[in-house]
Amino acid sequence: EPEVTQTPSHQVTQMGQEVILRCVPISNHLYFYWYRQILGQKVEFLVSFYNNEISEKSEIFDDQFSVERPDGSNFTLKIRSTKLEDSAMYFCASSSGTGGPYGYTFGSGTRLTVV
Amino acid sequence: GQNIDQPTEMTATEGAIVQINCTYQTSGFNGLFWYQQHAGEAPTFLSYNVLDGLEEKGRFSSFLSRSKGYSYLLLKELQMKDSASYLCAVRDPDSWGKFQFGAGTQVVVTP
C-alpha cells in the first residue's frame, strides 16, 4: 500500500535554530498538508498546498514557517527560528481529492523537540 | 465557532462493544471521518460519513446524523490491539480539504 514517508523521525534542535522537516507524499496525490500535535493535545492544521502554492494556512503558520515542493516528490516544512513551543509531532498528509471519501494518508510523523 | 466534542477516555473488556460519540458544531460540513491513532504513531483512516445513516466496515461501524451534529463510532468484538485514541474529524467545505479534529477518545481494552 502506498505510504507517505517523513524524515527524520526525531529531531532535537536548539531554540533559535532552523529546522527542515521532509515528506514524500504519495506519488499520484495532488493535495498536501502539514499538521502538528503537541503532546496530549489535538491534531492541528498548519497549512495546505496545491498546485505549487499554499492554499490555506492557519494562525499557527506565521512568518517563521514556510513550505516548499522543491522537486516532483519532496514536500518540506521549514521553521526558521524555532521556539520551545514548536516542540510537537509534525505530520505530513496527502490526499487525491478534497471531497468525497478522500481522507488523508498521514506520514508517520517527525517528533521535534526544541531545547 | 468550531467545536468537536468527544469523551476523553473509555474502558472496555476484550470481546465487548464500545460506542464513541462525537458531537460537532462547525461552520460547514463536508464529511465526517474517524481515525485511529496508536500512541506515537500517525492517525490512520477508519471511516467516512457524509450522508445520514450507518456505514459498516467489518468490526467498525460509524453513524452520522447531520441534523443533530452527531456521529458515533462503534467498535465490536474488541481486541487488545484496538487500544488506541480515536479521532473524530470534520472536513471544512470551504477549504482545500482542511480537517478539524476532535481531541480524541482514548480507548483502553482490558483482558
Side-chain angles (χ1 to χ4, degrees), chain A residues 1-6 9-10 23 25-26 29-61 67 88-111 113, chain B residues 1-9 20 22 24 26-51 53 55-57 60 62 64 71 73 84-106:
Chain A
E1 189 168 330
E3 289 184 345
V4 174
T5 57
Q6 288 186 244
S9 56
H10 293 89
C23 169
I26 292 173
H29 282 186
L30 302 175
Y31 302 88
F32 313 116
Y33 307 86
W34 284 100
Y35 281 77
R36 79 171 185 191
Q37 187 175 32
I38 295 170
L39 188 63
Q41 298 187 24
K42 65 172 70 173
V43 177
E44 300 174 290
F45 171 78
L46 290 178
V47 66
S48 57
F49 192 86
Y50 170 73
N51 201 25
N52 283 319
E53 60 183 26
I54 289 174
S55 309
E56 187 173 358
K57 56 187 180 180
S58 72
E59 293 173 355
I60 303 167
F61 195 90
V67 289
M89 184 76 112
Y90 287 81
F91 292 108
C92 173
S94 69
S95 176
S96 53
T98 59
Y102 297 110
Y104 293 157
T105 301
F106 282 92
S108 54
T110 294
R111 181 166 297 286
T113 303
Chain B
Q2 313 264 30
N3 208 32
I4 298 176
D5 289 316
Q6 45 182 136
T8 305
E9 185 171 312
I20 307 168
C22 170
Y24 63 91
T26 56
S27 57
F29 179 84
N30 188 20
L32 188 140
F33 292 72
W34 285 94
Y35 284 84
Q36 180 190 61
Q37 186 179 29
H38 286 99
E41 297 183 13
T44 55
F45 170 77
L46 287 179
S47 72
Y48 162 74
N49 295 73
V50 70
L51 299 177
E55 293 285 338
E56 296 189 82
K57 205 189 234 187
F60 294 173
S62 56
L64 176 67
S71 173
L73 179 70
S85 185
Y86 291 84
L87 313 181
C88 175
V90 172
R91 185 167 55 199
D92 184 340
D94 297 323
S95 71
W96 294 81
K98 181 175 81 176
F99 281 68
Q100 180 156 342
F101 284 86
T105 298
Q106 185 67 43

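Lettering of chains follows the sequences in order, A, B, ..., and the numbering in each one begins at 1.
- Of the two parts of A:Q37, only the side chain, counted from C-beta on, holds a non-hydrogen atom closer than 4.5 Å to a non-hydrogen atom of chain B.
- Note on ring orientation: taking the six-membered ring where Trp is involved, the planes of B:Y35 and A:F106 are perpendicular (angle over 60°, cut-offs 30° and 60°).
- Looking at B:Q100, neither its backbone nor its side chain comes within 4.5 Å of chain A, counting heavy atoms on both sides.
- Heavy atoms closer than 4.5 Å to chain B are found nowhere in A:S95, neither backbone nor side chain.
- Between chain A and the options B:R91, B:Q106, B:E41, heavy-atom pairs under 4.5 Å are most frequent for B:R91.
- For B:Y48, the part lying under 4.5 angstrom from a heavy atom of chain A is the side chain only.
- Most heavy-atom pairs under 4.5 Å with chain B: of the set A:G107, A:P101, A:G103, this distinction falls to A:P101.
- Side-chain N or O atoms of A:Y35 include one that pairs as donor or acceptor with a backbone N or O of B:F99 at under 3.5 Å.
- Of all heavy-atom pairs spanning B:K98 and A:Y33, the tightest one is N-CE2, 4.4 Å.
- Of all heavy-atom pairs spanning B:A42 and A:S108, the tightest one is CB-CA, 3.9 Å.
- Across all non-hydrogen atoms, the minimal contact from B:F101 to A:K42 is O-CD, 3.5 Å.
- Ranked by non-hydrogen atom pairs under 4.5 Å with chain A, the options B:G102, B:G31, B:P43 are led by B:P43.
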